[in-house]
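Data block below; observations after.
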2 protein chains.
Amino acid sequence: MSPSALPYRPHNHDACVAQALTEARTICQQHNARLTPTRERVLELIWQSHKPLGAYDVLAVLAADGHNAAPPTVYRALDFLQQHGLVHRIASLNAFVGCTHPGKNHQGLFLICRCCGNVLELTAPGVSDAVKNAAADEAFQPDNMTIEVSGTCPGCASDTAHD
Amino acid sequence: MSPSALPYRPHNHDACVAQALTEARTICQQHNARLTPTRERVLELIWQSHKPLGAYDVLAVLAADGHNAAPPTVYRALDFLQQHGLVHRIASLNAFVGCTHPGKNHQGLFLICRCCGNVLELTAPGVSDAVKNAAADEAFQPDNMTIEVSGTCPGCASDTAHD
DNA sequence: TTGCTAATGTTATAATATTGCAAATTCCAC
DNA sequence: GTGGAATTTGCAATATTATAACATTAGCAA
Ligand SMILES: [Zn+2]
Ligand SMILES: [Zn+2]
Ligand SMILES: [Zn+2]
Ligand SMILES: [Zn+2]
C-alpha cells in the first residue's frame, strides 16, 4: 500500500499536524500572505483528524477556546486557507479537510469512507487527464474539477468482513 | 461534435422536455413507482432548461402555480426523482439537473459552464474506470462518485473570443 | 504622525435542508 | 365494495450552511 494511505492506518498524527503547520508557514511566507493566529488555529483544527470538519464545527471549537467568533471569521479563514492551497472543501459533505500535498500543483481526488469518515486525498494524474480528455472532446475548457468518491476504506472493509 | 452536446447549441428544447417526461413515465412504470402529479411537475420544472435548478427555485414556481408547497414537498420529490435516476444533484451548485441518460446504468460527469450556467452530462466510462483504478490502488471500494467540472463551454468561449 | 490596506468584529440575514407528526390518498387482499 | 396497511402529502418548526454590510482594529510604510 502506498504511504499516502495514511489516514487508514495508525500513525503519529501529531506529526501530521506539525508538518502541515510548518509547511503552511513556509507557503504563506512564499506567497507573502499572513498566517494570522486565527487562520493558523483554524488550520490546526481542520487537521485535528483526517475527517473533514464543517465550518460550524470549527466555530464551536473556537468558541470553546474562548474566542468569541462569528461565522464570517471561520469562513474567511477557510477561504484564505483554500486560496493558498492549504485546505480543500469537500463539496459532497460541505466540509473541509487539510491538503496533503500543499505547495505542489495538483488536482485532488478524494476517497471518502462512509463508515469511518476519513478522507484520503490522491493526486491521480490519470484521472484528471481522463477528465480533461472527456472535456476536450466536447470543446469544453475546464478550470476546476471536483472529484469525490464515497465508499468503504480498507480498514472498514476488513472490520466488517467477519460479520 | 457529439450529439450529446445539446445544451450548447440551439435545439428544440420542448422536445427535450417531452422526451424526458415520456421516459420518466416508462421508467417509473418499470420500477413500480408512482410518478405523482407533484413529482412529474417537479421533473418538468427541473427540465425547463439545461441549467441546474435549486430546490427553492422549484418551490417558488410551485408557489406561483398556486400549489401551496413547503420545502419537504420539493425535497421529497427530488429524492424520489434521484432514486429513480431521473435527476442528478450537482453538489458543487446545490442544484438539480435532469438526467440525460435515464434508465441507462451510467456514471455521470458534469461539465458546468460558469458563463451560461448550462450543464452537459457525459457518460465518460474512461473517467470512471480511471477513478475505479485509483481507488482500487488504495484498496478502496467506491460506491458513489461525484465528478463535476467547472469551466467554459464552447459557446461561451467563442462569444468572448472576439473581445 | 498620518494615511493606506488588510484583517477582524459584529449583527443580521440568506440559502439550503431536515425532523416529526398528522392527515389524506392509494393500494390490495378480502 | 370495504377495511386496513402502506405510501404519499401537508404542515410547522427547526437545523445547517453561508453571505452581506458595515464598523473597528492591526500592520505597515511614507
Ligand atoms: Zn494523520
Ligand atoms: Zn490537495
Ligand atoms: Zn434541451
Ligand atoms: Zn445521468
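The basis for the numbers below is simple: all heavy atoms, side chains too, and nothing from hydrogens, waters or symmetry mates. Chain letters run A, B, ... following the sequence lines, proteins first, then strands; residues in each count from 1.
We find that CZ of A:R39 is positioned 12 Å from C1' of D:dA26, with the value rounded to whole Å. Here the C1' atom of nucleotide C:dT8 and the OH atom of A:Y75 are 17 Å apart, to the nearest Å. With rounding to whole Å, B:N32 atom CG is found 17 Å from C:dT26 atom P. When rounded to the nearest whole Å, the span between NE2 of A:H84 and C1' of C:dA6 equals 12 Å. The CG atom of B:L93 sits 15 Å away from the C1' atom of D:dA18 (whole-angstrom rounding). One interatomic measurement links the two molecules: CZ of B:F80 to C1' of D:dT8, which rounds to 11 Å at whole-angstrom precision. Between the CG atom of A:L35 and the C1' atom of D:dG27 there is a distance of 16 Å, rounded to whole Å. One can place CG of B:L59 at 13 Å from C1' of D:dC11, the figure rounded to the nearest angstrom.
The shortest distance between the side-chain N/O atoms of A:R34 and the OP1/OP2 oxygens of C:dT8 is not below 4.0 Å. Remark: A:N94 is not in phosphate contact with C:dT16, judged by side-chain N or O atoms under 4.0 Å from OP1 or OP2. Look at B:R76 and you won't find any side-chain N or O under 4.0 angstrom from OP1 or OP2 of C:dT19.
Nearest nucleotide to the side chain of B:Y56, out of C:dT18, D:dC11, C:dT16: C:dT16. Among the nucleotides D:dG10, C:dT18, D:dA18, the one closest to any side-chain atom of B:T73 is D:dG10. The side chain of A:R89 has D:dA18 as its nearest neighbour among D:dC11, C:dT16, D:dA18. Distance from the side chain of A:T38 is smallest to C:dT8 among C:dT8, D:dC11, D:dA18.
The two residues B:P7 and B:H11 make their nearest non-hydrogen contact at CA-CE1, 4.2 Å. Contact between A:W47 and A:T100 at its shortest, heavy atoms only, is CH2-CG2, 3.7 Å.
Nucleotides of DNA chain D nearest to A:D79 and B:H67 differ in position, and the one nearer the 5' end is that of B:H67. The 5' end of DNA chain D is approached more closely, in terms of each residue's nearest nucleotide, by B:T36 than by the other of B:P72 and B:T36.
Taking the ring centroids of B:H106 and B:H88, they lie under the 6.0 Å cut-off.
Using a 30° and 60° split on the angle between ring planes, A:H50 and A:H13 fall in the perpendicular class, above 60°. Using bins of under 30°, 30° to 60° and over 60° for the plane-to-plane angle, the ring pair A:H31/A:H84 lands in the tilted bin.
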